[in-house]
Chemist: 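Quick one: the structure is below, and I'll ask about it shortly.
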2 protein chains.
Amino acid sequence: MNHDSSLVNRLTDRLIAGELRPGERLSETALAKEFDVSRNTLREAFRVLGEQGLVTHIPHRGVSVASPSTADVVDIYRVRHHVECSVLEHAPRNHPNAVRMEAAVEAAEKFAAEENWLEVGTANMEFHNAVVSLSDSRRLMQSFSNVLAELRLAFLKVEVLDFLHAPFIGRNKEVVEIYRTEGPVAAAKILGAYLGDSERQVLGAYARAGQD
Amino acid sequence: MNHDSSLVNRLTDRLIAGELRPGERLSETALAKEFDVSRNTLREAFRVLGEQGLVTHIPHRGVSVASPSTADVVDIYRVRHHVECSVLEHAPRNHPNAVRMEAAVEAAEKFAAEENWLEVGTANMEFHNAVVSLSDSRRLMQSFSNVLAELRLAFLKVEVLDFLHAPFIGRNKEVVEIYRTEGPVAAAKILGAYLGDSERQVLGAYARAGQD
DNA sequence: TAGCACTCATTGTTCAACAAACATAGACGG
DNA sequence: CCGTCTATGTTTGTTGAACAATGAGTGCTA
């Protein structure tokens, strides 16, 4: 684990950075050599990533980068609705981590001005992780973070990083503002509608890309 | 993985059956010999179980059966509140899987009559998994199932299987009935109160057992 | 008794090997 | 021409042995 958790992190970074494309086959011997670890150590990391949903493992056929289908996208948005909305709705007013949401919005705006869409995507993920952090639940945050990472693979799959995220920066901002001014319940309502729109947009991109 | 997923299952079975006690150290060589697999294969299984929260891994100190602290119990109940209540509240009326809930209640009643408390616990887990299955979300069900398994370890830790589950069979039944008659929203409310009581009871058991 | 060095056991990791499953290409027959 | 079957090569699944690195326990010393 000394190296192992570091290996998992290195693999995760390359996955969500899009260097390993969704659906791409991950050869054990090739990757082991590339990361300068043994096959056995790499396989341990694969099990972790598989459990997190970032990687798909089929017995005797090896692992490949997860390539979410439309069904997966729908499933992921179901999780988002339940988790994000419930957490936000029941969050106390003035939760300390609200500043995390605001910081994420600012970061997204900054990167958007630079047209650095990959970092905009990262800031967007951070925003929604911040929302879930209002639950003060380590497990909820962990599971949710995995699901969001999987969703990023969905974005990478249909290659629409840029215009897909840009319109939603403002809506993130709106959610925080409503949370501040009108409270959690109103903010949760806004967020629910937001997620619905987001889901439609991703599914639209899938349809255009002709993906399943 | 051919053997591996089977190995994970075998380990999981023994964990939630209480044959491996919470906090118990799991020696690699000993367990490998016991399950007749190599150390490397066992370590792969350990990574999966670690990611599921059933096992705790500390670098250079090996893995041990998860031994949830009171903080963990609180965290787990936070997840339960958010997930179970949100799913039930937004479930459609007459969801097909409602029969799963009813079947779980019947099973629990049957085992309770036999005073088979371990199976009562299993039926109780099945009930709550059934609730979450109303979300039609594979990921939500999977994550939630892991959390419930971890909670079972908490029960095992303080050794109060019997009287802890018995009183709640009736409340499971009540939740289904309200769901049938008054609908999801009313049922979710009942369930929320139920979970609050359940949490208090578990934390009480922890306090009595003098556990952290 | 507190600190310290030493020893021993366990984990972390690698390597080489082999069986088993799979994928591919070419031969064969309809 | 097309589908099926077989042979071959590749990849994964799994093992056992080996060694380094870390941690835990022990007994010594002051």
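Letters go in sequence order (proteins before strands), and every chain restarts at 1.
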Chemist: With side chain to side chain contact (heavy atoms under 4.5 Å, CB included) as the test, pick out the partner of B:L151 among B:M125, B:R80, B:H128.
Modeler: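 Exactly one pass, corresponding to B:R80.
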
Chemist: For D:dG13, does OP1 or OP2 lie under 4.0 Å from any side-chain N or O of A:H57?
Modeler: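 Yes, within the criterion.
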
Chemist: For the side chain to side chain contact (heavy atoms under 4.5 Å, CB included) test, which of B:L7, B:T12, B:D13 pairs with B:R10?
Modeler: B:L7

Chemist: Take atom NE2 of A:H60 and atom C1' of C:dA21, then tell me their distance rounded to the nearest Å.
Modeler: 5 Å

Chemist: B:L42 has an atom CG; how far is it from atom C1' of C:dT13, in whole Å?
Modeler: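 Atom-to-atom, B:L42 to C:dT13, this comes out as 15 Å.
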
Chemist: Using whole Å, what does the distance between atom P of nucleotide D:dT12 and atom CD1 of A:I58 come to?
Modeler: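 Interatomic distance, CD1 of A:I58 to P of D:dT12: 12 Å.
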
Chemist: Rounding to an integer number of Å, can you tell me how far B:F46 CZ sits from C:dG12 C1'?
Modeler: 14 Å

Chemist: How do B:V63 and A:R61 order along DNA chain C: which one's closest nucleotide is nearer the 5' end?
Modeler: B:V63

Chemist: Output the rounded distance in Å from CZ (B:R47) to P (C:dT11).
Modeler: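 Whole-Å distance recorded here is 11 Å.
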
Chemist: Check whether the side chain of A:R39 and the base of D:dG13 form a donor-acceptor pair under 3.5 Å.
Modeler: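 Checked by distance alone, the answer is yes.
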
Chemist: When the nearest nucleotide of DNA chain C is assigned to B:E28 and to A:N40 on a heavy-atom basis, which residue is associated with the more 5' position?
Modeler: B:E28

Chemist: In whole Å, what is the span from the CZ atom of A:F35 to the P atom of C:dT14?
Modeler: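 Taking atom P of C:dT14 as the reference, CZ of A:F35 is at 13 Å.
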
Chemist: Going by an N to O cut-off under 4.0 Å, is there a salt bridge joining B:R14 and B:E34?
Modeler: yes

Chemist: Hey, does the side chain of B:R25 come within less than 4.0 Å of C:dA9's phosphate (OP1/OP2), counting only N and O?
Modeler: no

Chemist: Counting distance only, does the side-chain N/O of B:D72 pair as donor-acceptor with the main-chain N or O of B:S69 below 3.5 Å?
Modeler: yes

Chemist: In whole angstrom, give the distance that lies between atom NZ of A:K33 and atom C1' of C:dC15.
Modeler: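 Distance, rounded to whole Å: 15 Å.
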
Chemist: Within the structure, does a side-chain N or O atom of A:T41 lie under 4.0 Å from either OP1 or OP2 of C:dT14?
Modeler: yes

Chemist: Do A:E109 and A:K173 meet the salt-bridge criterion of a basic N to acidic O distance under 4.0 Å?
Modeler: yes

Chemist: Among D:dG13, D:dT15, C:dG12, find the nucleotide with the atom closest to the side chain of A:R43.
Modeler: D:dG13

